[in-house]
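These numbers were taken from a predicted model, which means no experiment stands behind them.
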Amino acid sequence: MKLSEWLAARTPRPPEALQQGIHAALGAALDHDVVEGRGRTHEELLAAARSLLCIGPGAGCEGEERKAAQDLLAADALVTYAFEIAAEDPDAIDSLAESAMRDFGALALEGSS
């Protein structure tokens, strides 16, 4: 199953604007095969979420509050989907959580400097 198909099967379906943001962030990864619990799918979802985040002053978000809010919602959805896919393998959940905390923590530190 392709990631685009997996996302289309999620219920409830996200609003159209949110779905478009998710798809835009994922780009070519939408055509990759989903490997539940293992593989790179959850990593691709987290990478797409990281790409959407603007954190802190000077990050290019000033004056773009609406876009920043939409990006934040899309990033949240991508992280949720990453954990949903990883839930099939308890070891994947642990490593995904560690990776997410490390990466998002680093983004927060970058945004505060």
Approximate separation, where rounding is to 0.5 Å, of [X] [atom1] and [Y] [atom2]:
{"X": "D71", "Y": "I22", "atom1": "CG", "atom2": "CD1", "answer": "11.0 Å"}
{"X": "D33", "Y": "E5", "atom1": "CG", "atom2": "CD", "answer": "8.5 Å"}
{"X": "K2", "Y": "T41", "atom1": "NZ", "atom2": "OG1", "answer": "10.5 Å"}

Step-by-step side-chain contact (heavy atoms from CB on, under 4.5 Å) determination, L46 to R50: CA-CA 6 Å; L46 278 185; R50 283 190 303 270; 3.8 Å; yes
Closest non-hydrogen atom pair between [X] and [Y], with its separation:
{"X": "Y81", "Y": "R10", "answer": "CE2-CG, 3.6 Å"}
{"X": "H42", "Y": "A82", "answer": "CB-O, 3.4 Å"}
{"X": "V34", "Y": "L3", "answer": "CG2-CA, 3.4 Å"}
{"X": "A75", "Y": "L52", "answer": "N-CD1, 3.7 Å"}
{"X": "A49", "Y": "F104", "answer": "CB-CZ, 4.2 Å"}
{"X": "G21", "Y": "A74", "answer": "C-CB, 4.2 Å"}

Check your understanding: Under 3.5 Å, side chain of S51 to main-chain N/O of A48, donor-acceptor pair present?
Key ->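 Present.
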query = So, R13 side chain and A8 main chain: donor-acceptor pair closer than 3.5 Å or not?
reply =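 Yes; judged by distance alone, with no hydrogens or angles, the pair exists.
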Practice prompt. Begin from the C-alpha positions of H23 and L7 and carry the test side-chain contact (heavy atoms from CB on, under 4.5 Å) through to its verdict.
Written response: CA-CA 9 Å; H23 286 204; L7 289 169; 4.2 Å; yes
